[in-house]
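Here is the structure we will look at, set down as structure tokens.
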Amino acid sequence: MSSLSLYDTLSRTVQPFVPLKKGEASIYLCGATVQAPPHIGHIRSGVNFDILRRWLEKSGFNVTFIRNVTDIDDKILQKAVLEKSPWWAVAMKYERAFTDAYASLNVLPPTYEPRATGHITQMIELMEKLIENGSAYAPGNGDVYLEVRKLSSYLTLSGQKIDDLLPSDDATETFKKDPKDFALWKGAKPGEPSWPTPWGDGRPGWHLECSAMAHAYLGESFDIHGGGLDLIFPHHENEIAQSQSAGWGFAKRWMHNAWVTTSGEKMSKSLGNSLQVTELLKLVRGIELRWYLGSAHYRSMLEFSQSALEESATAFRRIESFLYRAEEILGQAPTPTLSHDFVSAMNDDLALPQALATISQSLRTGNTAITAGDKKALAVSANEVRGALEVLGCDPYDVTFAQSNGGKSRSGDLTSALDGTIQLALAQRASARDRKDFAASDAIRDGLLALGIAIEDTPQGPRWSITSKEER
RNA sequence: GGUCGGGUGGCCGAGAGGCGAGGCUCAGGACUGCAAAUCCUGCUACACGGGUUCAAAUCCCGUCCCGACCUCCA
């Protein structure tokens with residue numbers, strides 16, 4: 001069996017994954033700044049790293065997965081003014097929106113989900129350490145800055161040179177020793193929330209919380225730090241600067257997911273609401289949206305279009321219905337197993353497109369086995385398909401998705417009542433077909449379809465399933 | 001200006017010196033009372049111009065185009 005290799009943004013190469021502690025994997029993922037509802041770009045990050053996590057677990061690692069919530073930030077404060085609502089209510093509202101979105105896409109809850117505002121103590125401790133060792137300074141206005149030129153490794157993740165950077169808007173900030181220094185902590189402004197510190201009241205800068213919280217839950221160094229591409233600079237550079245200035249090893253490996261784009265461009269707030277997760281879930285089911293987001297390689301841009309999403313959903317339904325047919329024929333749900341090719345693909349930096357190709361292969365083999373009446377071969381294929389879907393978080397049998405499933409083998413009183421009703425109709429249709437009254441038999445089939453029940457004739461007899469809205 | 005990533009068939013989307021990834025759509029066929037589902041066959045693509053090589057989508061040089069980041073974006 002091959003072993004897992006992953007891309008590392010720092011070295012820009014794919015390297016074998018060797019954990020710090022045998023059998024353990026520690027991951028810190030930059031989660032949401034909860035200032036607006038999630039669009040699919042946000043959630044792609046969640047799905048991509050969820051697949052990584054599931055694969056690590058499947059590979060036998062005990063995974064500690066930390067995904068933070070940044071619940072204090074300039075934009076949250078702006079939004080609070082706009083919505084005429086306390087900043088903490090705004091943050092909570094959008095945090096829930098993210099939680100709901102993650103749940104509807106079957107993203108596993110993190111091992112722990114720390115909020116920035118719950119870790120002010122750790123942030124102050126970190127700043128004290130940085131000031132003590134001369135890495136940071138408090139000029140007296142309530143701000144605390146990191147002195148970036150003191151750290152020789154600054155900007156190695158993004159490969160930039162400090163003097164090549166464009167000057168920032170606050171370059172004229174007089175309290176900074178150097179315009180490139182960044183704020184760990186911001187002095188309180190009137191009307192804004194603040195916490196007391198040895199240097200005056202204030203609130204966290206953007207980056208400090210991640211260093212403090214990663215340290216609190218994962219220790220001085222950990223295996224993987226993840227986030228979106230745009231976080232490489234400045235966010236992750238600054239995290240590295242803070243943490244390494246404190247003497248911590250910090251992340252051993254950096255992984256970044258690419259964008260969901262529209263018309264070749266990065267998604268932006270100005271696109272409005274149409275790409276919010278809640279809107280897209282009106283078009284396709286959560287499992288289908290997840291399948292779509294997982295179908296591209298995590299480091300490739302995914303060009304969004306509604307037709308691409310719908311096509312992807314159609315493709316998924318084909319796989320799903322194969323599993324249900326297999327279950328009907330075999331008399332039991334497939335048992336998840338992994339094919340050698342699927343494992344190899346996943347181990348090669350989570351090569352999802354290749355992994356999906358192996359699913360297509362198993363699917364074709366399995367369908368051929370159905371036609372040939374080869375139950376043994378069918379079981380092998382169906383097991384492989386389900387095993388792969390399980391790793392991708394798209395197992396239709398997963399309880400998260402179970403309520404949205406059609407088909408007749410699902411349990412529950414309502415389903416069995418419905419099944420009985422449909423069987424009556426099917427019996428009528430069968431007798432109509434026996435006397436070659438096809439007008440009558442088709443009327444029954446069309447009538448059921450109008451109600452959202454699709455009928456297919458198979459060598460094993462007719463089967464029914466709930467159709468999606470757009471197929472009616 | 002600096003840094004990074006791209007341009008692949010009707011569409012999506014991999015690959016990275018030689019064997020047509022895969023999916024969707026479309027066309028034809030098998031099966032079917034008809035559908036649906038399924039299977040089979042077909043659609044031989046890599047921005048442009050040079051070069052290296054027995055062999056280039058892949059390497060080199062040049063050109064064009066697109067995108068991301070450059071201090072509070074996933």
Side-chain angles (χ1 to χ4, degrees), chain A residues 9 12 29-33 35-36 38-46 48-49 70 73-76 148 155 158-171 179-183 186 204-207 226-235 237-238 256-261 263-269 292 295-297 299-305 307-312 314-316 318-319 321-322 325 345 351-361 363-364 366-368 370-372 433 436-438 441-442 445-446 449 454-459 462-463 465 471:
Chain A
T9 306
R12 305 198 189 272
L29 174 64
C30 280
T33 299
Q35 45 99 8
H39 59 61
I40 52 167
H42 295 121
I43 223 70
R44 180 186 185 186
S45 182
N48 286 161
F49 283 96
T70 296
D73 151 87
D74 286 2
K75 284 188 178 162
I76 294 170
V148 295
L155 301 184
S158 59
Q160 299 180 100
K161 292 192 177 68
I162 195 162
D163 292 310
D164 287 342
L165 299 179
L166 293 174
S168 65
D169 289 344
D170 64 347
K180 300 294 193 294
D181 292 349
F182 65 89
K186 297 177 173 191
W206 179 32
H207 322 290
L229 259 184
D230 55 339
L231 296 181
I232 293 175
F233 184 87
H235 185 60
E237 290 287 10
N238 289 356
H256 294 92
N257 65 278
W259 306 126
V260 178
T261 56
S263 310
E265 285 179 37
K266 176 182 172 180
M267 228 165 250
S268 68
K269 309 279 184 302
Y292 171 70
S295 63
H297 187 92
R299 286 191 281 121
S300 295
M301 301 290 171
L302 177 63
E303 172 65 19
F304 177 84
S305 72
S307 61
L309 173 63
E310 282 166 357
E311 277 177 13
S312 176
T314 303
F316 180 76
R318 181 168 173 255
I319 299 167
S321 86
F322 163 71
R325 285 181 67 198
L352 261 289
Q354 280 87 336
L356 265 45
T358 72
I359 296 176
S360 296
Q361 182 58 54
L363 192 66
R364 190 174 302 118
N367 276 320
T368 303
I370 290 177
T371 309
R433 291 179 75 199
K436 306 249 186 266
D437 183 356
F438 297 121
S441 74
D442 288 352
R445 185 172 64 195
D446 293 346
L449 185 62
I455 302 302
E456 293 167 36
D457 294 316
T458 75
R463 66 189 295 271
S465 57
E471 282 174 328

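Just so it is clear, the values below take in all heavy atoms, side chains as well, and ignore hydrogens, waters and symmetry mates. Please read all numbers here as calculations on a predicted model, not as lab measurements.
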How would you label the contact of [X] with the nucleic acid (heavy atoms, under 4.0 Å): base, sugar-phosphate, or nothing?
{"X": "A:I232", "result": "nothing"}
{"X": "A:T368", "result": "sugar-phosphate"}
{"X": "A:A258", "result": "base"}
{"X": "A:S441", "result": "base"}
{"X": "A:I455", "result": "base"}
{"X": "A:Q361", "result": "nothing"}
{"X": "A:D457", "result": "base"}
{"X": "A:G227", "result": "sugar-phosphate"}

I want to verify a distance call: between [options], whose nearest atom is closest to the [X] side chain?
{"X": "A:R325", "options": "B:rC69, B:rU38, B:rA74", "answer": "B:rU38"}
{"X": "A:A357", "options": "B:rG22, B:rU38, B:rU3", "answer": "B:rG22"}
{"X": "A:E303", "options": "B:rG13, B:rG33, B:rC24", "answer": "B:rG13"}
{"X": "A:P234", "options": "B:rC24, B:rU71, B:rA21", "answer": "B:rU71"}
{"X": "A:Q354", "options": "B:rA14, B:rU71, B:rG33", "answer": "B:rA14"}
{"X": "A:D442", "options": "B:rC24, B:rC39, B:rC34", "answer": "B:rC34"}
{"X": "A:H297", "options": "B:rG13, B:rA35, B:rA14", "answer": "B:rA14"}
{"X": "A:R445", "options": "B:rC39, B:rG33, B:rA74", "answer": "B:rG33"}
{"X": "A:N367", "options": "B:rA74, B:rC34, B:rU38", "answer": "B:rU38"}
{"X": "A:L165", "options": "B:rC70, B:rC24, B:rG13", "answer": "B:rC70"}

Provide, to the nearest angstrom, the distance between the [atom1] atom belonging to [X] and the [atom2] atom belonging to [N].
{"X": "A:D163", "N": "B:rU3", "atom1": "CG", "atom2": "P", "result": "13 Å"}
{"X": "A:L229", "N": "B:rG67", "atom1": "CG", "atom2": "P", "result": "16 Å"}
{"X": "A:I370", "N": "B:rC40", "atom1": "CD1", "atom2": "P", "result": "13 Å"}
{"X": "A:R299", "N": "B:rA16", "atom1": "CZ", "atom2": "P", "result": "10 Å"}

If we take the [atom1] atom in both [N] and [M], what is their distance in whole Å?
{"N": "B:rA14", "M": "B:rG22", "atom1": "P", "value": "15 Å"}
{"N": "B:rG9", "M": "B:rG15", "atom1": "C1'", "value": "15 Å"}
{"N": "B:rC24", "M": "B:rG18", "atom1": "C1'", "value": "29 Å"}
{"N": "B:rC31", "M": "B:rC26", "atom1": "P", "value": "22 Å"}
{"N": "B:rC11", "M": "B:rC43", "atom1": "C1'", "value": "14 Å"}
{"N": "B:rU58", "M": "B:rA47", "atom1": "P", "value": "8 Å"}

A:N367 side chain reached by A:R325 side chain, heavy atoms, under 4.5 Å: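 Yes, at least one pair of side-chain atoms sits under 4.5 Å.
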Measure the shortest side-chain to side-chain distance between A:L352 and A:H297 over non-hydrogen atoms and say whether it is less than 4.5 angstrom.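 No. Closest side-chain heavy atoms not under 4.5 Å.
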Would you say [X] reaches [N]'s phosphate, i.e. side-chain N/O to OP1/OP2 under 4.0 Å?
{"X": "A:R318", "N": "B:rC24", "value": "yes"}
{"X": "A:S312", "N": "B:rC12", "value": "no"}
{"X": "A:N238", "N": "B:rU71", "value": "no"}
{"X": "A:R364", "N": "B:rC40", "value": "yes"}

Counting only distance, no hydrogens or angles, is the base of B:rC34 paired donor-acceptor with the side chain of A:D446 under 3.5 Å?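 No pair found.
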As an exercise, state the distance from [atom1] of [X] to [atom2] of [Y], rounded to the nearest 0.5 Å.
{"X": "A:M301", "Y": "A:N257", "atom1": "CE", "atom2": "CG", "answer": "9.5 Å"}
{"X": "A:H256", "Y": "A:N48", "atom1": "NE2", "atom2": "CG", "answer": "12.5 Å"}
{"X": "A:S441", "Y": "A:I455", "atom1": "OG", "atom2": "CD1", "answer": "11.5 Å"}

For the residue pair A:H207 and A:H235, categorise the inter-ring angle as parallel (less than 30°), tilted (30 to 60°) or perpendicular (more than 60°).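 Ring orientation, 0 to 90° scale: tilted.
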Backbone of A:E310 reached by a side-chain donor or acceptor of A:T314 within 3.5 Å: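 Yes.
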